[in-house]
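Each chain gets a letter, A, B and so on, in the order its sequence line appears, and its residues count up from 1. All figures in this text were calculated on a predicted structure; none of them were measured in a lab.
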Amino acid sequence: MPELPEVNTFQRYFDQTALDQKIEQAQVHDDKIIRNMDGRSFAEALAGRTFTGSYRRGKYLFGNLDNGAHVQLHFGMTGDLKYYEAPEDQPKHERFVFLFENGYKLGFDCPRKFARIVYVEDLQQYIEDKQLGEDALQISLDDFLAQAEGKKSTLKGFLLNQKYLAGMGNLYVDEVCYQTRIHPASRVHAMPQEALERIHSKMQEVLQYAVEHNAYYKAYPKDWLWKWRDEEARAPDGTPVSIAKIGGRTTYYFVGYQKLFD
DNA sequence: TGTGATGTTGAATG
DNA sequence: GCATTCAACATCAC
């Protein structure tokens, strides 16, 4: 489920379960989920360490280790965390697990193995090399406009590109476009500044609301697109939903109800 | 049985 | 260098 608000919820969970406890051992069940070393090296690097904090940027969560290194947790499409004690509570698709001194474990579950776990020696350098954009919840209007400057891509493609800003995913992009009544296939360079300002403002409003509700979508307002994202959906003016690939992803939008800048 | 899914990356193309 | 499209990654659920 992981877009920015979901990862923010994972961060809270991580902080409540993993911090300030010595890691007795890390066990890697599936080597391929660790992207920059084999499972044995990862386990060796983590043994005896302690997480002292965490840092989230967009959909990327980093656990801060007491030796200055970080562990990147990126959840892909199906990543999840589970803190448990009894062996029978181990999640079905656990790919690796931290065993703490108190006997509890923090397991990383991921049915589709799209998650990306990386042992990061130098976080600043890593983020720079990745060209990871500013966090979508933090980015100022000025920086947002600067990123949008001259972009010929679709609005959706722009918002999804983690180099420009980090954290937006398929569902929240559709939500913001719907609520601002701007067509997701609009060309960024054809949008007046006022429209970009509305996107920026609504984006942070939506993300903030979602974060405050722990990304629990059932608690989202009834008038969000999210609630009834299906083929029967209609805009308030009765426009039936259109479903098409925009920016490479399945997109729900309303022709006419959402203004197209092209 | 086939299809697509809340994500990212790299290759190929224009 | 940019933008776009596509395939790949691997598994599950409808």
Side-chain angles (χ1 to χ4, degrees), chain A residues 1-11 29-36 56-62 72-81 91-96 108-118 120 126-127 129-133 135-137 146-178 184-191 203 206-207 209-211 213-220 224-232 243-253 262:
Chain A
M1 314 191 293
E3 298 184 37
L4 186 153
E6 288 78 11
V7 177
N8 196 79
T9 300
F10 287 139
Q11 181 179 26
H29 311 315
D30 188 322
D31 265 37
K32 291 175 77 173
I33 205 121
I34 316 291
R35 302 296 171 141
N36 67 334
R56 184 191 59 72
R57 179 137 156 177
K59 307 169 195 173
Y60 292 79
L61 178 61
F62 299 92
Q72 170 188 296
L73 303 176
H74 187 289
F75 295 85
M77 299 271 260
T78 57
D80 198 6
L81 292 174
K92 185 174 176 188
H93 302 284
E94 183 179 275
R95 304 304 179 186
F96 69 92
F108 190 95
D109 188 59
C110 191
R112 283 169 83 180
K113 304 171 187 173
F114 287 5
R116 314 181 97 83
I117 310 305
V118 178
V120 179
Y126 180 79
I127 287 176
D129 290 347
K130 267 186 100 58
Q131 302 180 64
L132 189 56
D135 187 76
L137 203 46
Q147 289 297 326
E149 179 72 35
K151 292 289 189 303
K152 293 175 188 157
S153 73
T154 60
L155 174 59
K156 179 152 189 172
F158 167 70
L159 292 172
L160 283 175
N161 191 327
Q162 307 297 304
K163 282 197 291 194
Y164 302 144
L165 65 163
M168 292 294 279
N170 198 27
L171 272 56
Y172 286 93
V173 168
D174 280 8
E175 188 67 52
V176 169
C177 289
Y178 168 71
S186 294
R187 297 283 157 182
V188 174
H189 69 135
M191 292 172 61
M203 171 178 81
V206 164
L207 290 175
Y209 188 94
V211 161
H213 291 78
N214 296 311
Y216 184 61
Y217 68 89
K218 288 180 181 172
Y220 294 173
W224 280 25
L225 173 62
W226 199 297
K227 275 286 190 188
W228 30 269
R229 195 177 196 271
D230 64 55
E231 293 171 7
E232 306 294 312
I243 304 174
K245 293 270 186 200
I246 299 176
R249 307 296 298 281
T250 300
T251 302
Y252 286 61
Y253 61 105
D262 199 1

Checklist entry - Do any side-chain nitrogens or oxygens of A/R112 fall under 4.0 Å of OP1 or OP2 in B/dG7? => result no
Next on the checklist: Measuring from the side chain of A/K152 (C-beta onward, heavy atoms only), which nucleotide among C/dA3, C/dT11, B/dT6 has the closest atom?
Outcome noted: C/dA3
Checklist entry - Out of B/dT8, B/dG7, C/dC12, which has the shortest distance to the side chain of A/H93? => result C/dC12
Checklist entry - A/K92 NZ to C/dA10 P: how many Å, rounded? => result 18 Å
Checklist outcome for this item: Picking from C/dA10, B/dT8, C/dT4, the nucleotide nearest the side-chain atoms of A/K59 would be B/dT8
Checklist entry - OP1 or OP2 of B/dT6 less than 4.0 angstrom from a side-chain nitrogen or oxygen of A/Y252, does that happen here? => result no
Next on the checklist: Can you tell me which nucleotide in C/dC12, B/dA5, C/dA3 comes closest to the side chain of A/R187?
Outcome noted: C/dA3
Checklist entry - For A/G169, which contact category applies under a 4.0 Å heavy-atom criterion: base, sugar-phosphate, or nothing? => result sugar-phosphate
Next on the checklist: Please confirm whether the shortest side-chain N or O distance from A/H74 to OP1 or OP2 of B/dG7 is below 4.0 Å.
Outcome noted: no
Checklist entry - Can you tell which of B/dA5, B/dT8, B/dG7 lies closest to the side chain of A/T250? => result B/dA5
Checklist entry - On a whole-Å scale, what distance lies between the P atoms belonging to C/dC9 and B/dT1? => result 23 Å
Next on the checklist: Categorize A/K130 for me: base, sugar-phosphate, or nothing, with a 4.0 angstrom heavy-atom threshold over every strand shown.
Outcome noted: sugar-phosphate
Item to check | Base-pairing assignment for B/dG4 (Watson-Crick or G-U wobble, both under 3.5 Å) | outcome: C/dC12
Checklist entry - For the pair made of NZ in A/K32 and C1' in C/dA8, what is the distance, rounded to whole Å? => result 11 Å
Next on the checklist: Please confirm whether the shortest side-chain N or O distance from A/Q162 to OP1 or OP2 of B/dG7 is below 4.0 Å.
Outcome noted: no
Item to check | Cation-pi, A/F75 ring and A/K59 (6.0 angstrom, 45 degrees) | outcome: no
Item to check | Stacking of A/F114 on C/dC9 base (centres under 5.5 Å, planes under 30°) | outcome: yes
Checklist outcome for this item: d(A/M191 CE, A/L155 CG) to nearest 0.5 Å is 4.5 Å
Checklist entry - Do other residues, nucleotides or ligands put more than 12 heavy atoms under 6.0 Å from A/Y216 OH? => result no
Checklist entry - Between A/K113 (NZ) and B/dG7 (C1'), how many Å, whole number? => result 17 Å
Checklist outcome for this item: Taken to the nearest whole Å, CG/A/L160 to C1'/B/dT9 is 14 Å
Checklist entry - How many angstroms lie between atom CG of A/N8 and atom CG of A/D135, to the nearest 0.5 angstrom? => result 8.5 Å
Checklist entry - Among the nucleotides C/dT4, C/dT11, C/dA3, which one has an atom lying closest to any side-chain atom of A/T154? => result C/dT4
Checklist entry - With a 4.0 Å cut-off on heavy atoms, is A/Y60 in touch with a base, just the backbone sugar-phosphate, or nothing at all? => result sugar-phosphate
Checklist entry - Can you name the nearest heavy-atom pair linking A/Y126 to A/V118, along with the distance? => result OH-CG2, 3.8 Å
Checklist entry - So, is A/K245 near the phosphate of B/dA5, with a side-chain N or O under 4.0 Å from OP1 or OP2? => result yes
